[in-house]
Each structure stands twice: as C-alpha cells, then as structure tokens.
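In the text below, chain A, chain B and the rest are named by the order of the sequence lines, each starting its count at 1. Excluded from the calculations below are hydrogen atoms, water molecules and symmetry mates; all remaining heavy atoms, backbone and side chain alike, are included.
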Amino acid sequence: MSQTFARIGELAQFVSQTVTVRGWVSHLRSSGKVAFIVMRDGSATPLQCVLVKKQMPEEDWERFASLTLESSVVVTGEVRADDRAPGGFELGVSALGLFGASPLDYPIQPKEHGVDFLLDNRHLWLRSPRQVAIARVRHEVEQAIHDFFYERGFLRVDTPILTAAIGERAGLFETEYFDEGTAYLAQTGQLYGEAAAAAFGRIYTFGPTFRAEKSKTRRHLTEFWMIEPEMAWYDQAMNQDLQEEFVSYLVQRCLTRRAAELKELERDTSKLQTVRAPFPRIPYTDAVATLQGKGSDIKWGDDLGAEDEALLVADYDRPVFVCNYPKEAKAFYMKENPDDPRTVLCADLLAHEGYGEIIGGSQREDDHDKLLARIRHEGLPLDAYGWYLDLRKYGTFVHSGFGLGLERTVAWICGVQHIRECIAFPRMMHRVRP
RNA sequence: UCCCGAGUAGCUCAGGUGGUAGAGCAGACGACUGUUAAUCGUCGGGUCGGGGGUUCAAGUCCCUCCUCGGGAGCCA
C-alpha cells in the first residue's frame, strides 16, 4: 500500500483520507488515554494530532511518552475537520514515528523570552509561529515587488556589492581589494542604477546594502535589503506617483494573500486598508511651519528628527511624502529645485503609525557642471565619480528613482516593533552570529 | 559618541529602611479520555555580571569595569 505524504497547508484536500505528515513537535499535551501533538512543518498553521490509546498500536502510543519539544516526527492518520483544532483540521493518529529526537534542553519554551536570548538562538527562534508568519509576509512583499515591476516593463539589474565609488557619506565597511586599494561594501546601488537606466530605460535593483553606522535603534540594521528603481524620463512628480502606487500595491497584496499571517501577528489591518494612492505631499517648508505650530523647535534648514516625523504623520491614515528638502540636508546627486534653488527635488515617504521613513527618493541632477560643482563642494573624491559624470556627458537625461527599505516595509506591514525580526539573520552593531 | 535602563535558577522576573535567596514557566515522578502556552500533587535546581570598598554582616550602600537593551544622531 502506498503512503500519501501531505503538508499541513494542503490537508483540506485530504479530508477523510489517511495521510502521513512530517514535521516538528511544537507542543505536547497529555490527558491520560488521549494525547495531543501540535506539530509544525512550515505551513501557515500548525497541525493538531490526536492520539487515542486504544486506537493505535501500543508501541506507537508508548512512543508519545518519549517525545520532546522539537523532535521531528512522522505521523500517519485520518484527516478530519474539527472546530477545536487550530486551522480547522486535525489528524486522528494511527501511527507515530520518531525521526529525530530532541534533547530536553531545547532553549525556546512556549513562554515569554527576552530579545537578547532569542537573538542568541535565532537559528531556533525562526521555528516559532510568529517568526514563520513574518518570514511569509516578507516573502510575499518580495514576490510582489518583482511582480509589480515585471508587469510594468522594468528590468531587474543586480549591482555590485564590492565598490570603489561612494554613494553617501554614512559609515562604510572597508575591505582590501587585491592591488586596487580599499573597496567598500555597497551602501546603495543607485549610481549603478542610473547607468543602467540610461541603457535599459526603467530598472530596479534588489539587493543587500551595508551601513557601518553605530546605530542602535529599532529601525536600523547594519545589513539590510533595499529596492532601488531608477526611471529614465521620470520627473519627481512621476517618481512619487510610482511610489504611492507601488507601496499601495505591496500593502493590498499582503492584505489579500497573507491574511492568516497578519492575523497570527495580531496586526490591526484596518490601519492598512486605508493605504491607497494618492498619499499626502507636504513640502518641507510647510512641514517646518506645521511642526513649529505643534511646538517643535525645528528651524528651516534642519533635517526632520524622529520626533518631528512622528508628529507630522500623526494626523494621517496613510504614508506621507515630505518633499523638497534643503539642499544642504540631502545627497549631492539630487536635482536643484528650479522654483526654489535652496531646495532639491526629493521626497521621503514616511509610514504612518510611527514606522518612519520607508522610502527616500529624488530626481537626479542631470546637469554635468552643477553635479561636478556639487561633488567638489562635498569634498568627494572626483576620480571615483568619473564614470558617474559620464552619464551626464554622453546624452544626459531626466531621471528619477528611489530606495525602499525592505525590512522597514515588512515591519510596518506586520506591525512588528523592531526590524530585526523581519530578516532571518539580522546583522547589528553587536551581533554577527548566528 | 551622548542620554536613559537592565544584568539574581535553563527561561521570565520579585527581592521597602543591609541580617548569607523566592515565584511562575521549563525539567523529573505521579493523576486525569478533547486538550488549546491544559490542569492538579510531589521533587530537584543558584559563584545574585567582574573587581574593589564601607560594615560584625552586602543581591541590597559606594567606586570602578564589562556586557546588553532602548533612545538620539545618521539613514532605508
């Protein structure tokens, strides 16, 4: 007789049939002659297995007593619908096999733990339902990003991680690069994205970036994933149109396809239902005036602090653009605002509910001489930017782009307090392992 | 780098004004035929982050160092 293997997520198709499920024990309960195994196999929901002493071989029944948390098991039984089971289906066990025993010292128990302890055990923490749910939302966001751009004719370009050029002034990780001197781990793919946009029109990058900043906040990682679209012939208004359409798409797609995971995470999805284009667009100068009215001591020319951001976003039910910052507060490659040369054509997109900046974007300076002046003004090494200036020398073009922080976006959609839970193995100032 | 906060059992924590440690969970054994982080009974479990000081006596007070967390700055 052949054996039918099934994953927990597929059990609805097997009601009244006998199947074999393989996975790991996440809870054990025993009540004399009836016992329960709650097991997990990576599906969205766990599976409750019901063992009744007189309905299974003596040997298998006794095997239950030796089971421990996180043992891997092979369970055969009849699939049946039952309201008392999480997920709506359970398995009436007729055979129980132990594949890999787990010693009694499994660190993560079904109770509260401290974050530091959990991060030390991240390789095991990943198995818990909450972490599985976050990982599945992250995957949905990633796939949605690819689908969104694929449907719109964008080309995905993978930019180098080892670079000589420096995109921004934030901290850099350095490494020896043969006889070429120092190379840096990429903190943005944007400059390469601009070159690619001149070749391919509309592109996006999707890759890891590295910041050696000694940041210790719930919004920062030293290694994080960033998505950086770059579009030829897009001005800043079109850039923002695309961003709000993009972010709305990601959120709505998670709402429809990852409802079970968001429920597991106890996310208040009413806060996400409202995320639909258009988003408010607040000029920086207006934002400063509003903030001053609310009691902030911000002055024109200052960048918005974290408190200012929260204050500004509090009035809205969806993400908010803050547009056209002072030139001195922003990166050298941003295009000067023709209506107010003190500012540049850019926007930060601030997620509501206090999740902060999830996108930074701008129209790029396309005037060769202005860009050159700006590089000199910032004191950046000119020889490293020769190829970047070539993009303005040989057929310059209007173009814009933005960078979306993947973990921040996932944290916001999931309603998770700290972005370190939104990547499988977070890299932070005090943590490189596991 | 700066400002707060925390280090006590495997884990989460409690330990007014100093008198050599306690709970819950986890674990072991037992009971229970539908449990949902099951429940009930019994038992085992500790260099109180390191060092120094005050004191008859320090988990507790003082100094110092270490580690970690949160926030600021920077940014996604």
Side-chain angles (χ1 to χ4, degrees), chain A residues 26-38 45-55 61 65 68-69 80 82-87 90 92 103-121 125 128-130 167-172 187-190 205 207-228 243 247 302-310 325 329-331 348-351 355-361 402-412 417-420 422-423 428-431:
Chain A
S26 47
H27 293 291
L28 292 164
R29 289 187 288 274
S30 162
S31 182
K33 299 185 177 64
V34 177
F36 300 88
I37 300 170
V38 179
T45 52
L47 172 65
Q48 172 166 288
C49 305
V50 185
L51 294 78
V52 179
K53 184 176 182 180
K54 61 189 175 188
Q55 291 173 13
W61 172 258
T68 52
L69 229 52
R80 58 195 183 215
D82 193 309
D83 292 340
R84 292 169 296 189
E90 64 180 21
L104 288 169
D105 60 357
Y106 184 73
I108 298 177
Q109 303 295 334
K111 56 161 296 191
E112 282 186 30
H113 293 282
V115 174
D116 201 39
F117 174 82
L118 289 169
L119 284 172
D120 284 341
N121 293 284
W125 187 21
S128 67
R130 174 185 166 85
E168 291 165 21
R169 285 162 296 177
L172 291 156
Q187 50 180 208
T188 173
Q190 181 203 312
T205 71
T209 49
F210 307 88
R211 305 274 165 97
E213 282 293 314
K214 293 187 174 178
S215 299
K216 283 169 61 176
T217 81
R218 71 178 82 156
R219 301 184 305 281
H220 290 86
L221 296 168
T222 53
E223 179 181 309
F224 67 97
W225 288 66
M226 189 153 65
I227 291 81
E228 297 181 286
Q243 289 170 43
V247 170
D302 296 345
D303 206 348
L304 268 63
E307 229 171 274
D308 294 322
E309 289 184 1
Y325 282 76
K330 288 293 175 182
D348 288 347
L349 184 66
L350 309 178
Y355 279 87
E357 185 180 344
I358 54 172
I359 284 181
F402 63 94
L404 173 102
L406 180 63
E407 288 80 11
R408 284 187 183 178
T409 303
V410 172
W412 168 54
Q417 282 306 303
H418 201 304
I419 62 170
R420 64 190 158 199
C422 297
I423 185 167
M428 297 180 294
M429 188 176 155
H430 292 295
R431 193 167 288 282

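Base pairing of U20(B) is not made with any nucleotide, judged by Watson-Crick or G-U wobble geometry with both donor-acceptor distances under 3.5 Å. In this structure, G46(B) forms no base pair with any nucleotide, since neither Watson-Crick nor G-U wobble geometry is met with both distances under 3.5 Å. Look at U1(B): its Watson-Crick or wobble partner, with both distances under 3.5 angstrom, is A72(B). Here C29(B) sits opposite G41(B) as a Watson-Crick or G-U wobble pair (both hydrogen-bonding atom distances under 3.5 Å).
Between the CZ atom of Phe117(A) and the P atom of G69(B) there is a distance of 15 Å, given to the nearest Å. In this structure, Leu69(A) places its CG atom 10 Å from C1' of A26(B), rounding to the nearest Å. When rounded to the nearest whole Å, the span between CE of Met428(A) and C1' of G69(B) equals 10 Å. Following rounding to the nearest Å, Leu221(A) (CG) and G70(B) (P) show an atom-to-atom distance of 11 Å. One atom, CG of Asn121(A), and another, P of A26(B), lie 18 Å apart when rounded to the nearest Å.
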What string of B, S and - do you get for nucleotides 40-49 of chain B 5' to 3' if you count protein non-hydrogen atoms under 4.0 Å?
----------
For nucleotides 28-34 of chain B, just jot down a letter per nucleotide in 5' to 3' order: B, S or -, based on protein non-hydrogen atoms under 4.0 Å.
S---BBB
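The side chain of Arg218(A) places no N or O atom within less than 4.0 Å of a non-bridging phosphate oxygen (OP1 or OP2) of G70(B). Distances shorter than 4.0 Å separate some side-chain N or O of Arg219(A) from OP1 or OP2 on A72(B). Distances shown here put a side-chain N or O of His418(A) below 4.0 Å from the OP1 or OP2 atom of G70(B).
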Asp82(A) vs Arg84(A), test: salt bridge (charged side-chain N to carboxylate O under 4.0 Å, His left out). Steps then yes/no.
CA-CA 5 Å; Asp82(A) 193 309; Arg84(A) 292 169 296 189; 3.0 Å; yes
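Using modelled atom types and a 3.5 Å distance limit, the side chains of Thr222(A) and Glu213(A) yield no donor-acceptor pair.
A residue-by-residue look at Gly360(A) and Glu307(A) shows that Glu307(A) has its nearest nucleotide of RNA chain B further toward the 5' end. Nearest-nucleotide mapping onto RNA chain B: of His430(A) and Trp225(A), the residue sitting toward the 5' end is His430(A).
You'll find a donor-acceptor pair under 3.5 Å spanning the side chain of His220(A) and the base of C75(B), going by distance alone.
Inter-residue side-chain proximity for Pro86(A) and Gln48(A) is flagged as met; some heavy-atom pair is nearer than 4.5 Å.
The nucleotide whose nearest atom lies closest to any side-chain atom of Glu213(A) is, among C75(B), G73(B), A76(B), G73(B).
Remark: Arg420(A) pairs with Val115(A), Leu119(A), Leu221(A), His418(A), Pro426(A), Met428(A) by the side chain to side chain contact (heavy atoms under 4.5 Å, CB included) rule, at least two apart or across chains.
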